[in-house]
Amino acid sequence: MPAASPLVWNQRLFSAAAGHARDMATRNYFSHTSLDGRSLAQRVAAEGYLWTSVGENLAGGQATVDGVIAGWLSSPGHCSNLMSRQFEAVGVSCVRQAGSRFGHYWVMVLARP
């Protein structure tokens with residue numbers, strides 16, 4: 001896919017990503033939907049980010065940033081999110097949880113206000 005414009009870091013999106021990564025790691029699951037039933041849109045709104053478009057990339061098991069990005073770029077759906085012109089802001093988090101299924105839980109939240 002053609003490259004998109006650079007994204008800007010957003011603390012609220014980071015907070016949404018970190019919360020979801022932490023929840024998946026500590027509760028040992030992997031899903032775009034939280035175990036309490038909350039969607040990405042609900043988690044981002046709860047952080048006070050008023051979005052017009054929102055997307056999320058998840059990864060589990062990769063121990064390095066390079067590994068995660070390579071995986072996302074080789075996946076059509078994830079790459080589409082990364083290169084989408086509909087997103088302007090990003091927040092990314094990784095949480096490591098020894099003894100969990102994946103060990104490393106990565107969440108990238110992309111949005112446009």
Side-chain angles (χ1 to χ4, degrees):
M1 298 187 74
S5 300
L7 300 169
V8 296
W9 184 260
N10 183 277
Q11 189 62 34
R12 291 174 195 248
L13 298 181
F14 166 72
S15 185
H20 191 50
R22 185 173 44 256
D23 189 51
M24 288 192 299
T26 58
R27 297 173 74 185
N28 203 22
Y29 73 98
F30 190 81
S31 176
H32 289 284
T33 304
S34 301
L35 289 182
D36 63 7
R38 290 184 309 142
S39 68
L40 164 64
Q42 291 168 318
R43 292 190 305 270
V44 171
E47 294 298 330
Y49 188 93
L50 303 176
W51 56 269
T52 58
S53 60
V54 65
E56 180 176 64
N57 283 348
L58 302 180
Q62 297 89 338
T64 67
V65 172
D66 288 344
V68 170
I69 296 299
W72 285 339
L73 289 174
S74 68
S75 162
H78 293 102
C79 186
S80 178
N81 272 348
L82 287 170
M83 300 303 175
S84 175
R85 297 190 190 288
Q86 70 180 339
F87 301 129
E88 295 178 357
V90 65
V92 183
S93 179
C94 176
V95 172
R96 182 174 181 268
Q97 181 69 40
S100 64
R101 179 175 176 196
F102 292 105
H104 292 83
Y105 294 77
W106 299 81
V107 178
M108 171 186 274
V109 178
L110 306 115
R112 175 187 297 263

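Computed from a predicted structure; not experimentally measured. Basis for what follows: all heavy atoms, side chains included, without hydrogens, waters or symmetry-related copies.
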With side chain to side chain contact (heavy atoms under 4.5 Å, CB included) as the test, would you mind laying out the steps for Asn81 and Glu56 before giving the verdict? CA-CA 7 Å; Asn81 272 348; Glu56 180 176 64; 5.7 Å; no
Please lay out, stage by stage, how Met24 and Phe102 fare under the test side chain to side chain contact (heavy atoms under 4.5 Å, CB included). CA-CA 10 Å; Met24 288 192 299; Phe102 292 105; over 6 Å; no
Run Glu47 and Val44 through side chain to side chain contact (heavy atoms under 4.5 Å, CB included) and show every step you take. CA-CA 5 Å; Glu47 294 298 330; Val44 171; 5.8 Å; no
Side chain to side chain contact (heavy atoms under 4.5 Å, CB included) between Gln97 and Thr26, intermediate numbers included: CA-CA 7 Å; Gln97 181 69 40; Thr26 58; 3.8 Å; yes
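Taking each heavy atom of Gln42 and Gly37 in turn, the nearest pair found is OE1-O, 3.8 Å. When all heavy atoms of Trp72 and Leu58 are compared, the closest pair comes out as NE1-O, 3.0 Å. The shortest heavy-atom contact between Ala17 and Gly91 is CB-O, 3.8 Å. Heavy-atom minimum distance, Ser93 versus Phe14: CB-CE1, 4.0 Å.
Looking at Ser53, its side chain does come within 3.5 Å of a backbone N or O of Gln86 through a donor-acceptor pair. A donor-acceptor pair under 3.5 Å is absent between the side-chain atoms of Ser34 and the main chain of Asp36, judged by distance alone. With Arg12 contributing its side chain and Gly48 its backbone, the two residues share a donor-acceptor pair below 3.5 Å. A donor-acceptor pair under 3.5 Å links the side-chain atoms of Thr52 to the main chain of Pro113, judged by distance alone. Trp106 places no side-chain N or O within donor-acceptor distance of the main-chain N or O of Val95, the cut-off being under 3.5 Å.
Atoms CZ and CH2, from Phe87 and Trp51 in turn, are 9.5 Å apart once rounded to the nearest 0.5 Å.
Tyr49 and Leu40 fall within a single hydrophobic cluster, where Ile, Leu, Val, Met, Phe, Trp and Tyr are joined by side-chain heavy atoms under 4.5 Å apart, directly or via other members. By the criterion of side-chain heavy atoms lying less than 4.5 angstrom apart, applied directly or through intervening Ile, Leu, Val, Met, Phe, Trp or Tyr residues, Ile69 is grouped together with Met83 in one hydrophobic cluster. The hydrophobic clustering, which links ILVMFWY residues whose side-chain heavy atoms are closer than 4.5 Å, places Val54 and Val107 together. Under the 4.5 Å side-chain contact rule for hydrophobic residues, Val109 and Leu7 do not share a cluster. By the rule that hydrophobic residues join a cluster once side-chain heavy atoms approach within less than 4.5 Å of another member, Leu13 and Val68 end up as members of separate clusters.
For the residue pair Asp23/Tyr105, the side-chain donor-acceptor check at 3.5 Å is not satisfied.
Judged as a side chain to side chain donor-acceptor pair (under 3.5 Å), and not counting sequence neighbours, Asp66 has no contacts.
Aromatic ring pairs are classed by plane angle as parallel below 30°, tilted from 30° to 60° and perpendicular above 60°; the pair His20 and Tyr29 is perpendicular.
Residues Asn57 and His78 are in side-chain contact: their nearest non-hydrogen atoms beyond the backbone lie under 4.5 Å apart.
No more than 12 heavy atoms of other residues, nucleotides or ligands shown are found within 6.0 angstrom of CZ on Arg101.
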